[in-house]
Amino acid sequence: GEPSVRRFPLWRTDGAVATALLHAGPVEFLYYWFHRALHHHFLYSRYHSHHHASIVTEPITSVIHPFGEHIVYFTLFAIPMLSTVYMGNGSALVFVLYIVYIDFMNNMGHCNFELVPKWMFQVFPPLKYLMYTPSFHSLHHTQFRTNYSLFMPFYDYIYSTMDKASDELYENSLKGTEETPDLVHLTHMTNLQSAYHLRVGFASIASKPSDNSEWYMWTLWPLAWLSMVVAWIYGSSAFVVERIKLKKMKMQTWVVPRYNFQYGLTWIENRSRLNGSRYDADVEG
Ligand SMILES: [Zn+2]
Ligand SMILES: [Zn+2]
């Protein structure tokens with residue numbers, strides 16, 4: 001007969017809705033209680049303590065788990081995909097988007113930098129219960145007994161395990177960008193691929209000079225191009241990408257979202273010069 005995958009559609013809206021509901025329902029619910037169980041001494045000492053070895057997390061912490069734990073997570077994330085296949089409304093794009101969602105949220109939650117803008121919660125207040133933030137999950141790593149949720153905090157609200165400091169830490173972490181640093185490293189992108197040298201990029205690429213291009217970099221070209229478009233739209237004002245505290249010394253890295261070639265375009269150059277003097281004033285002030 002005909003290979004069944006040939007009939008697998010690219011996109012099914014009903015399947016997308018089913019995936020979202022199956023995630024918010026069974027996946028988040030089962031994860032929450034599995035996570036509570038993992039914090040029981042028996043499982044904690046044998047498994048989950050490995051993930052909690054990081055008090056201060058970084059993106060890669062999101063996948064630091066013993067093998068047995070990974071198998072359980074993999075099984076949980078298969079629920080929406082297999083269910084939609086059996087219901088007959090599964091689609092390729094929804095599979096891809098669901099996996100991207102899991103990886104994106106997981107890495108974001110462990111990035112140790114509050115980046116979810118406040119306007120998102122102002123525009124849609126229920127989002128607070130549907131999307132966690134890096135500061136929310138950081139409390140799970142410092143307090144251990146609060147904020148167990150996977151990506152949707154409402155189970156912590158239902159079972160009263162949400163950390164009461166969540167809102168305050170979120171606000172204060174956002175305000176952190178306004179504190180006066182002792183030292184600012186002001187930088188900008190050079191070529192399209194240079195974005196990967198930032199802290200959010202690849203440590204292995206950043207450890208070498210930027211003219212030392214890796215062969216596999218061409219595969220990242222679409223992403224590099226897209227980030228250039230986003231930077232162009234964002235404008236020319238610097239934003240903070242890294243905050244480091246060494247004893248009492250506060251240091252920040254600010255990125256001006258401009259590439260080398262853009263400084264060659266005169267109309268942008270003039271605008272950037274004006275902004276340049278503002279950075280000086282900001283740093284001194
Ligand atoms: Zn935990
Ligand atoms: Zn974690």
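Given the structure is predicted, the values throughout are model-derived calculations rather than measurements.
- Annotation: W218, atom CH2; neighbour count of heavy atoms from other residues, nucleotides and ligands within 6.0 Å does not exceed 12.
- Ring geometry for F95 versus F8: interplanar angle over 60°, hence perpendicular rather than tilted (30 to 60°).
- Counting heavy-atom neighbours within 6.0 Å of Y47 OH, excluding the residue itself, gives a total of 12 or less.
- Donor-acceptor pairing under 3.5 Å is recorded for the side chains of D156 and T161.
- Looking at E28, its side chain does come within 3.5 Å of a backbone N or O of F151 through a donor-acceptor pair.
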Could you go step by step and tell me if Q193 and W221 meet the side-chain contact (heavy atoms from CB on, under 4.5 Å) rule? CA-CA 7 Å; Q193 310 279 23; W221 201 87; 4.0 Å; yes
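- Under the 3.5 Å distance criterion, the side-chain polar atoms of H137 are left unmatched by any main-chain donor or acceptor of Y132.
- For the pair Y196 (side chain) and M217 (backbone), a donor-acceptor distance under 3.5 Å is absent.
- Side-chain atoms of H39 and H140 form a donor-acceptor pair, as typed in the model, at a separation below 3.5 Å.
- Contact check for Y148 versus L38: no side-chain heavy atoms found under the 4.5 Å cut-off.
- Side chain of T146 to main chain of D163: no donor-acceptor pair is present (N/O by atom type, distance under 3.5 Å, no hydrogens or angles).
- Salt-bridge annotation for D167 and K128: present, with a side-chain N of the basic residue lying under 4.0 Å from a carboxylate O of the acidic one.
- Aromatic ring orientation, Y234 versus F239: perpendicular (interplanar angle above 60°, classes split at 30° and 60°).
- Both tests do not hold together for R36 against Y32: distance to the six-membered ring centre under 6.0 Å, angle to the ring axis within 45°.
- Not a single donor-acceptor pair under 3.5 Å links the side chain of E114 to the backbone N or O of S173.
- For the pair N106 (side chain) and I102 (backbone), a donor-acceptor distance under 3.5 Å is absent.
- The closest donor-acceptor contact from the side chain of T190 to the backbone of N260 lies at 3.5 Å or more, if one exists at all.
- A 4.5 Å side-chain heavy-atom check between L150 and V27 finds at least one atom pair inside the cut-off.
- A heavy-atom distance below 4.5 Å is found between the side chains of H141 and T61.
- By the 4.5 Å heavy-atom criterion applied to side chains, W33 and Y155 are not counted as neighbours.
- Checking side-chain atoms of H65 against main-chain N and O of H48 turns up no donor-acceptor pair under 3.5 Å.
- Contact check for E69 versus V72: no side-chain heavy atoms found under the 4.5 Å cut-off.
- Between K118 and E171, some side-chain heavy-atom pair lies under the 4.5 Å cut-off.
- Between H23 and Y101, the ring planes lie perpendicular to each other; the angle is over 60°, past the 30° to 60° tilted range.
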Yes or no on side-chain contact (heavy atoms from CB on, under 4.5 Å) for M189 and V255, after CA distance, side-chain angles and deciding distance? CA-CA 8 Å; M189 288 80 90; V255 167; 3.7 Å; yes
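- Using a 4.5 Å heavy-atom threshold, the side chains of F121 and T133 count as touching.
- Taking 4.5 Å as the limit, every side-chain heavy atom of Y259 sits out of range of all side-chain heavy atoms of N191.
- H51 pairs in a ring pair (Phe, Tyr, Trp, His ring centres under 6.0 Å) with only one of the listed residues (H35, H110, H70), which is H110.
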